[in-house]
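Owing to the predicted nature of the structure, the values given are computational and were not obtained by experimental measurement. Side chains are part of it too, since the values below use all heavy atoms of this structure and drop only hydrogens, waters and symmetry mates.
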Amino acid sequence: MTTPFEFPTHSARLSDAERDRALVILREGAAQGRLSHDTFLFRMEKALAARRPDELALLTADLESEGRWSRRVFGAVERVSAFTARLGRAWTSERLPKLLLPEPGPHPLRIGRDPVNGLRLSHETVSRLHAELMLHRDVWLLRDLGSTNGTTVNGRRVTGTVVVRAGDIVGFGQMSFTLSHR
């Protein structure tokens, strides 16, 4: 028989907050490259099935070893890396030829190697029908037309349609330009 002040001998139940915290730690560990994709999936599955806090602790123990100083150092490195990437884009944007945004019209500006395009680029990395640029409700849109070597905006590959503006660096295959107003 137990008195009202005795605690049960089984472990405490896992709270949703504890599970959410463990899932965040696992996601951050995978994003930082500290977990392989397979390990991440395995641990996420175990975390979702866990019933006690000690089970979660085992899944995240090797990821929580980062101290305050480590977080500061990694944060500083990330900020410097972002700055150098921005600096690189700024450095190359001044050296790139300008691509003037066209006058708005009923049809998009087709870009590619084929002579039927409004902007013909004679380079072996540019597809026959590479991309198109159009104005839609005061917003410029760039769409890749299934090109072989890809279309990029500010170094990121375009999949589908993206918004562009003056000052963006656009690439068609290995040819790059800085978008500009007239």
Side-chain angles (χ1 to χ4, degrees), residues 16-17 19-37 40-41 44 48 63 66 70-182:
D16 289 339
R19 188 182 315 275
D20 290 344
R21 181 177 176 277
L23 295 175
V24 166
I25 291 169
L26 291 173
R27 272 190 233 106
E28 288 174 357
Q32 294 169 356
R34 297 174 71 193
L35 292 176
S36 72
H37 181 69
F40 169 71
L41 292 176
M44 288 293 279
L48 292 171
L63 301 174
E66 207 174 85
S70 296
R71 283 192 301 273
R72 285 184 180 177
V73 168
F74 288 128
V77 169
E78 287 170 359
R79 287 188 297 279
V80 168
S81 177
F83 173 75
T84 56
R86 270 189 17 231
L87 183 62
R89 281 195 306 272
W91 181 262
T92 58
S93 69
E94 291 303 315
R95 296 171 182 227
L96 293 175
K98 292 187 187 309
L99 173 59
L100 295 177
L101 292 166
E103 288 293 322
H107 303 290
L109 172 67
R110 290 267 171 114
I111 302 164
R113 221 176 47 239
D114 195 300
V116 301
N117 292 303
L119 175 60
R120 184 174 182 211
L121 301 175
S122 298
H123 194 273
E124 66 271 6
T125 62
V126 177
S127 296
R128 275 185 333 98
L129 296 172
H130 197 99
E132 64 183 12
L133 186 62
M134 67 191 112
L135 185 65
H136 180 71
R137 297 184 182 164
D138 298 327
V139 176
W140 285 102
L141 302 173
L142 180 66
R143 181 170 69 119
D144 183 77
L145 298 175
S147 63
T148 303
N149 293 309
T151 302
T152 59
V153 175
N154 297 325
R156 293 191 176 173
R157 187 150 183 168
V158 171
T159 55
T161 304
V162 295
V163 174
V164 293
R165 55 190 59 83
D168 284 344
I169 299 171
V170 295
F172 310 102
Q174 291 182 4
M175 295 191 76
S176 295
F177 304 89
T178 302
L179 284 180
S180 176
H181 287 291
R182 296 196 174 268

Minimum heavy-atom distance N149-G173, with the two atoms named
CB-CA, 3.8 Å

I169 side, atom CD1; L99 side, atom CG - distance, nearest 0.5 Å
12.5 Å

Contact check, side chains of L63 and R34, non-hydrogen atoms, under 4.5 Å
yes

Which salt bridge (Lys or Arg N to Asp or Glu O under 4.0 Å) pairs, counting each pair once, include a residue from residues 138-154, with sequence neighbours left out?
E132-R143

Taking atom CZ of R110 and atom CE of M134, what is their separation to the nearest 0.5 Å?
9.0 Å

Side chain to side chain contact (heavy atoms under 4.5 Å, CB included) involving D114 - partner list, sequence neighbours excluded
V116, N117, R128

Return the set of residues passing salt bridge (Lys or Arg N to Asp or Glu O under 4.0 Å) with R165 (not counting sequence neighbours), or none when no residue passes.
none

Would you confirm whether T152, through its side chain, and G155, through its main-chain N or O, come within 3.5 Å as a donor-acceptor pair?
no

Nearest 0.5 angstrom please: L101 CG to L135 CG, how far?
8.5 Å

Tell me which pairs pass ring-ring contact (aromatic ring centres under 6.0 Å, His included) where either residue lies in residues 118-175, with sequence neighbours left out.
H130-F172

Would you indicate whether the side-chain heavy atoms of V170 and F177 approach each other to under 4.5 Å?
yes

Partner residues of S36 under the side-chain hydrogen bond (donor to acceptor under 3.5 Å, both in side chains) criterion, sequence neighbours left out
T39

First locate atom CG of L145, then atom OG1 of T151, and finally report the distance between them rounded to the nearest 0.5 Å.
7.5 Å

Would you compute the distance between atom CG of L23 and atom CG of D16 and round it to the nearest 0.5 angstrom?
10.5 Å

Between S81 (side chain) and V77 (backbone), is there a donor-acceptor pair under 3.5 Å?
no

With D20 via salt bridge (Lys or Arg N to Asp or Glu O under 4.0 Å) - residues at least two apart:
none

Please output the side-chain donor-acceptor pairs of residues 157-164 that fall under 3.5 Å, not counting sequence neighbours, one pair per line with the distance.
none

To the nearest 0.5 Å, atom CG of L179 lies from atom CG of L133 at 6.5 Å

Can you list everything that forms a salt bridge (Lys or Arg N to Asp or Glu O under 4.0 Å) with R113? Sequence neighbours excluded, please.
none

Under 3.5 Å: donor-acceptor pair, side chain of T148, backbone of S127
no

Applying side chain to side chain donor-acceptor pair (under 3.5 Å), which residue pairs with at least one partner in residues 166-177 are found, sequence neighbours left out?
N154-D168

P102 versus L109, closest heavy-atom pair with distance:
CG-CD2, 4.0 Å

